[in-house]
Amino acid sequence: MRKLLLPGFLLFQLLAIGQVNTFYKEKYRPAFHFTPAIHWMNDPNGLVYHKGEYHLFYQFNPFGNRWGHMSWGHAVSKDLIRWQHLPLAIPEEKDTMIFSGSCVVDEYNTSGFAQKPGQIPMVAIYTAHIENIKQSQHIAYSLDDGRTWIKYNHNPVLDLGKKDFRDPKVFWYALQKKWVMAVVLPIEKQVQLYSSANLKQWQLMSSFGPAGDTTGIWECPDLFEIPVQGEPGKTKWVLMHSPAPYMQYFVGDFDGTTFKNESTATKIYRPDYGPDYYAAILYNNLPAGYKPISMGWVNNWNYANDIPTTPWKSAMSLPRELMVKKINNEWILIQQPLEKIKELRQEKKEWINKEVAGSALLPIKSQVLEMEIEFTVDSKSIAGVRLVKGSDGFIEVGYDAVNGLLYIDRSKAGDTSFHASFSKLSRYETYIKPVNGKILLHIFLDKSLLEVFANNGQVCMSAQLFPAEKSNGVELFANSGKEVFNVVRCWKMKSTW
Ligand code: FRU
């Protein structure tokens, strides 16, 4: 580890001061999603808005391209689209890794960390991980807007003496002027809620679970208030977390102490029904009037360490704006890509009422695209779009009206050889109903990432794919005869790097 320290550190410094231009041109490198310049990344951590900057901290290995030496990497953005890499924020220390957590702006200096009047501390709350021994919650603070961090000298602030107890998400509960922490007991499959007046002493308030998906361990919880779509002024609360290797959410209410679930107990609701969406959390401290914004890790622990990208591994999803809506008596999370992503659109191609029998190749060649597609379905329809179409195959996004399923299928989309479970996890589907007889797809393809928002954000699906660079065709298909594609729009997208 010592040997690696110097070159790794120097390289990171070079990248941090802006010499990233020779990077970001590699095979599979996303053009408009966040990726670290080099090395391994997993969960987003400490998402927080402060003084005009969106901070993105993330689980990062400063020493290599596989999971290990977990520390907090750091980037900032003024618009959530274009990112500036910053030096490592919170490094691993001796035998203690810095696991996932959150970040708050302590405007009223409840922590007492401010050293002079008017100074506003940022406080990071994270899990200190000692392999096979213990996980406890620690804090660190910054008095220079997140540029440097000082570990609190009386850590831990919350310790149950357990081996698995992690991923604190803290937010300010204004109604009762207190901090609230959601944190998981992964093995017990419980989310615990604690409160604190000063971020240093924490009291247990309640716990939630097991519930919904209890097959895997539970990780990365978040509890947040969210507007109800179409009902101005009305809000609900969502408890979202990651039962490995996917995510789930519950919609209900929070009274300052307990989360009360109103989602159907027998059903599992996922923020994303694809293979690659995990550990998503929300931004803290957004300006008043903003919709809640989340970001997730576009990967899956089954094969994450082995994906064929170098010198970096893993990407974050596009930032998503969130609302909830009651549809057919069920609370559904509505997620839309950040509106501002539209700024990256280049020239538009559009087709209206295009009839497709079998398949139709469109005159577009790119692996960096946004598409909007609306098509009318009947009871026999199996139709949609194939991307990265080339001699080695394609990825298919389709709707199967016979079974009422939206699906993505990446089994023929390029390299699947790097891990046996990647090819096993190649087809993902979920039930959706047409809206006024139509299926609406909003798709982002970014080299090795695909994000699909269907029916105005009622369903999302994210997946990684590793196609050959020359496989860049776009094809509409209608497997059960003729289909009318009412609207097809396509934009090539600008790179943000
Ligand atoms: C989720 C997770 C967290 C943990 C972190 C370690 O992906 O396993 O529970 O804090 O990653 O890197």
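Read the numbers this way: they start at 1 and go in the same order the structure lists the ligands and their atoms.
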Problem - Non-hydrogen atoms of Tyr278 and Tyr246 that approach each other most closely - result: CE1-O, 3.3 Å

Exercise for the section: Take the angle between the ring planes of Tyr303 and Phe418 and call it parallel below 30°, perpendicular above 60°, tilted in between. Expected result: perpendicular

Practice task
Describe, in one word, how the ring planes of Trp172 and Tyr108 are oriented to each other, choosing from parallel (under 30°), tilted (30 to 60°) and perpendicular (over 60°).
Solution key: tilted

Problem - Inter-residue atom distance Ile125.CD1 - Asn45.CG, 0.5 Å rounding - result: 11.5 Å

Exercise for the section: Nearest 0.5 Å please: distance from the CE atom of Met181 over to the OG atom of Ser195. Expected result: 10.0 Å

Quick one: table the atom pairs, ligand 1 N or O against protein N or O, below 3.5 Å, distance rounded to 0.1 Å.
unit_1: ligand 1; atom_1: 7 (O); unit_2: Asp43; atom_2: OD1; d: 2.7
unit_1: ligand 1; atom_1: 7 (O); unit_2: Asp43; atom_2: OD2; d: 3.2
unit_1: ligand 1; atom_1: 7 (O); unit_2: Trp301; atom_2: NE1; d: 2.9
unit_1: ligand 1; atom_1: 8 (O); unit_2: Glu219; atom_2: OE1; d: 3.3
unit_1: ligand 1; atom_1: 8 (O); unit_2: Glu219; atom_2: OE2; d: 2.8
unit_1: ligand 1; atom_1: 9 (O); unit_2: Arg166; atom_2: NE; d: 2.8
unit_1: ligand 1; atom_1: 9 (O); unit_2: Asp167; atom_2: OD1; d: 3.4
unit_1: ligand 1; atom_1: 9 (O); unit_2: Asp167; atom_2: OD2; d: 2.6
unit_1: ligand 1; atom_1: 9 (O); unit_2: Glu219; atom_2: OE2; d: 3.0
unit_1: ligand 1; atom_1: 10 (O); unit_2: Ser100; atom_2: N; d: 3.1
unit_1: ligand 1; atom_1: 10 (O); unit_2: Asp167; atom_2: OD1; d: 2.6
unit_1: ligand 1; atom_1: 11 (O); unit_2: Asn42; atom_2: ND2; d: 3.2
unit_1: ligand 1; atom_1: 11 (O); unit_2: Asp43; atom_2: OD2; d: 3.2
unit_1: ligand 1; atom_1: 12 (O); unit_2: Asn42; atom_2: ND2; d: 3.0
unit_1: ligand 1; atom_1: 12 (O); unit_2: Gln59; atom_2: OE1; d: 2.7
unit_1: ligand 1; atom_1: 12 (O); unit_2: Trp67; atom_2: NE1; d: 2.9

Practice task
Validate the cation-pi geometry between Lys189 and Phe208: distance from NZ or CZ to the six-membered ring centre under 6.0 Å, angle to the ring axis within 45°.
Solution key: no

